[in-house]
Amino acid sequence: SYHTRGFYYLIVGNYPKCVEEYSTLVGQYPADRVGQSDLAWCYAYLRNFPKAVEAARKVVEIAPKGALEHINLAFFSSFTGDFPTGEREARTALEISPSEVAQINLGEAQLGAGKVSEAAETYHGLEKFGSRGASLAASALADLALYQGRFSEEVRLLQQGANADLQAKTPENATNKFAALAYAELLRGQSRAAVSSAEKALANGQTLQIRFLAGRVFAEAGDTAQATKMADSLAKETQAEPQAYAKIIEGKLALKQGDSRLAIKDITDANNLLDTWIGRFELGRAYLEAGQFPEADSEFDRCITRRGEAIELFMDNVVTYGYFPYVYYYQGRVRQGLKTPAFADSYRTYLSFRGQSTEDPLVAEVRRSLGQ
């Protein structure tokens, strides 16, 4: 009955209860592989990755020859920022049984460790896994282009990939690409194109992730009506995760309207519901806008400590590490505000990701601040 209830809570998204049931189960039956594995996922959905790793490691001890067991350990290890373990476990999984998920986990671990060209090669390796692999490769390579500030390359990959997904009758894959495209357009200062891509994403799928990403783009592009609609639809859900996303969108709307105090309150409420990496990132930006530099500094520090969680914001095999370099840009601005010389280190780190970009409008600004 612990199994039944635990699995029920996992499916309906009541993760605290899920942890409770499975913890009781594995307390009595430590060698229960399924119980330990599901417990790891419940912890992951609560964003408690050290505990997820602990449970996943036990599963590997119970079933050392299972590819899926090594995949999960690889995935959660990278999320804690332990990229060497992530890479090792993904390689082990690929040796046991090659799969697109193990391949993507290998690329993510390599990227997290700063091995950009190796990650690119690994992502290209996804293409040998048929149409699903090619679809994942397009998303992953587009994210890598974003990470380096190659926006037009990212846009090209996403548009081609989304068209291929629609032709292959897999709109759920296209929807992720349209959402990523919307964010790319936003970063290029193309608000209208960003809104249009977000609308296309929603036309092909209405998952939590897509409603949140679209709502975030609408808010930042100044489309208050559509952003509010997304926030309202997420707030109506019963689980903590969509409710947290609703609060983040509300916070971004408040920020857009110049009310940084309300933005801070909304996004803090979001993080109290579910402590996500993107929630911390947005809270840092709200504190920065409010001129509360010490608070902003500690949020961006937290984003750097928890950098592994930026690899896949939604744990859905869609790579999102392109969000990460921006932390250093905002941290640089915060430290300039604090009048501390450390701002130069943050900006230099930003340039280590983006310095080759001819398309990122922030690069010129950062170079000016560094007197380059």
Side-chain angles (χ1 to χ4, degrees), residues 10-13 41 44-45 68 71-72 75 99-105 107-108 123-146 154-186 193-218 226-227 229-234 236-239 241-246 248-249 274 276 278 310-323:
L10 178 57
I11 296 303
V12 300
W41 277 102
Y45 287 123
L68 186 61
I71 284 174
N72 288 345
F75 189 57
S99 71
E100 60 263 51
V101 179
Q103 186 84 13
I104 214 163
N105 289 351
E108 289 168 340
Y123 289 156
H124 275 295
L126 282 160
E127 291 157 356
K128 66 176 179 272
F129 293 101
S131 61
R132 176 172 149 74
S135 176
L136 288 169
S139 288
L141 289 163
D143 182 71
L144 192 57
L146 168 60
E154 181 197 9
V155 166
R156 185 184 65 76
L157 286 164
L158 290 169
Q159 285 173 337
Q160 283 179 352
N163 289 336
D165 289 335
L166 291 175
Q167 281 171 340
K169 305 275 191 290
T170 51
E172 65 283 0
N173 294 339
T175 192
N176 294 316
K177 294 181 180 66
F178 285 126
L181 191 55
Y183 182 49
E185 300 287 17
L186 198 60
V195 166
S196 163
S197 294
E199 288 168 348
K200 277 187 197 157
L202 290 165
N204 285 288
Q206 300 259 334
T207 60
L208 296 184
Q209 299 95 294
I210 298 306
R211 280 181 283 157
F212 170 59
L213 291 172
R216 193 176 169 272
V217 166
F218 291 143
Q226 292 207 79
K229 191 176 158 193
M230 290 301 110
D232 290 348
S233 87
L234 289 162
K236 286 191 183 86
E237 305 268 349
T238 53
Q239 302 98 326
E241 185 172 6
Q243 289 176 8
Y245 295 152
I248 292 172
I249 296 170
L274 185 67
T276 61
I278 193 75
I311 278 180
E312 281 184 26
L313 291 178
F314 307 105
M315 297 185 276
D316 57 354
N317 296 324
V318 178
V319 193
T320 55
Y321 210 46
Y323 282 77

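Heavy atoms only: backbone and side chains are in, while hydrogens, waters and symmetry mates are out.
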Checking Glu185 side chain against Val195 main chain: does a donor-acceptor pair fall under 3.5 Å? no

Atom OG1 in Thr276, atom OH in Tyr245: separation rounded to 0.5 Å? 6.0 Å

Hits for side chain to side chain donor-acceptor pair (under 3.5 Å) against Gln243, two or more places apart or cross-chain, chain-then-number order -> none

Can you pull out every salt bridge (Lys or Arg N to Asp or Glu O under 4.0 Å) where at least one residue sits in residues 158-172? Sequence neighbours excluded, please. Asp165-Lys177

Please tabulate, one pair per line, all N/O donor-acceptor pairs under 3.5 Å involving side-chain atoms of residues 201-208, not counting sequence neighbours.
residue: Asn204; atom: ND2; partner: Lys200; partner atom: O; Å: 2.9
residue: Gln206; atom: NE2; partner: Leu202; partner atom: O; Å: 3.1
residue: Thr207; atom: OG1; partner: Ile210; partner atom: N; Å: 3.3

CA sep, side-chain torsions, deciding dist, call: Thr170, Ser135, side chain to side chain contact (heavy atoms under 4.5 Å, CB included): CA-CA 10 Å; Thr170 51; Ser135 176; 5.6 Å; no

As an exercise, state the distance from CG of Leu10 to CH2 of Trp41, rounded to the nearest 0.5 Å. 9.5 Å

Could you tell me which residues satisfy side chain to side chain donor-acceptor pair (under 3.5 Å) with Thr175, sequence neighbours excluded, listed by chain and number? none

If every non-hydrogen atom of Ala246 is compared with every non-hydrogen atom of Ala231, which pair is closest and at what distance? CB-O, 3.3 Å

Can you name the salt bridge (Lys or Arg N to Asp or Glu O under 4.0 Å) partners of Glu154, sequence neighbours left out? none

Restricting to ring pair (Phe, Tyr, Trp, His ring centres under 6.0 Å), what partner residues turn up for Phe129, sequence neighbours left out? none

State which residues pass side chain to side chain donor-acceptor pair (under 3.5 Å) with Arg132; sequence neighbours excluded, sorted by chain then number. Glu100

Sequence neighbours excluded, the answer for side chain to side chain contact (heavy atoms under 4.5 Å, CB included) partners of Ala182 is Ser197, Ala198, Val217

In residues 312-322, what donor-acceptor pairs under 3.5 Å come from side-chain atoms, sequence neighbours left out?
residue: Glu312; atom: OE1; partner: Asp316; partner atom: N; Å: 3.1
residue: Glu312; atom: OE1; partner: Asn317; partner atom: N; Å: 2.9
residue: Asp316; atom: OD1; partner: Val318; partner atom: N; Å: 3.2
residue: Asp316; atom: OD2; partner: Gln209; partner atom: NE2; Å: 3.2
residue: Thr320; atom: OG1; partner: Ala310; partner atom: O; Å: 2.7
residue: Thr320; atom: OG1; partner: Ile311; partner atom: O; Å: 3.3
residue: Thr320; atom: OG1; partner: Leu313; partner atom: N; Å: 2.9
residue: Tyr321; atom: OH; partner: Arg307; partner atom: NE; Å: 3.2

Restricting to non-hydrogen atoms, name the atom on Pro242 and the atom on Glu237 that form the minimum distance, rounded to 0.1 Å. CG-CB, 3.4 Å

Which value, rounded to the nearest 0.5 Å, describes the distance between Leu144 atom CG and Ser139 atom OG? 12.5 Å

Which pair of heavy atoms, one from Tyr123 and one from Ala137, lies closest together, and at what distance? O-CB, 3.5 Å

CZ on Arg216 to CD1 on Ile248, rounded to 0.5 Å: 8.5 Å

The reported gap from CG in Asn176 to CG in Leu158 (rounded to nearest 0.5 angstrom) is 10.0 Å

How would you list, by chain and number, every residue that makes a side chain to side chain contact (heavy atoms under 4.5 Å, CB included) with Asp232, sequence neighbours excluded? Thr228, Lys236

Least distance between heavy atoms, Ser233 atom then Arg211 atom: OG-NH1, 3.1 Å

Inter-residue atom distance Ser196.OG - Phe178.CZ, 0.5 Å rounding: 9.0 Å

Asp143: which residues meet the side chain to side chain donor-acceptor pair (under 3.5 Å) condition with it, sequence neighbours left out? none

Could you list the residues that satisfy salt bridge (Lys or Arg N to Asp or Glu O under 4.0 Å) with Glu127, not counting sequence neighbours? none

Run the side chain to side chain contact (heavy atoms under 4.5 Å, CB included) check on Leu234 and Phe212 step by step: do they pass? CA-CA 8 Å; Leu234 289 162; Phe212 170 59; 4.2 Å; yes

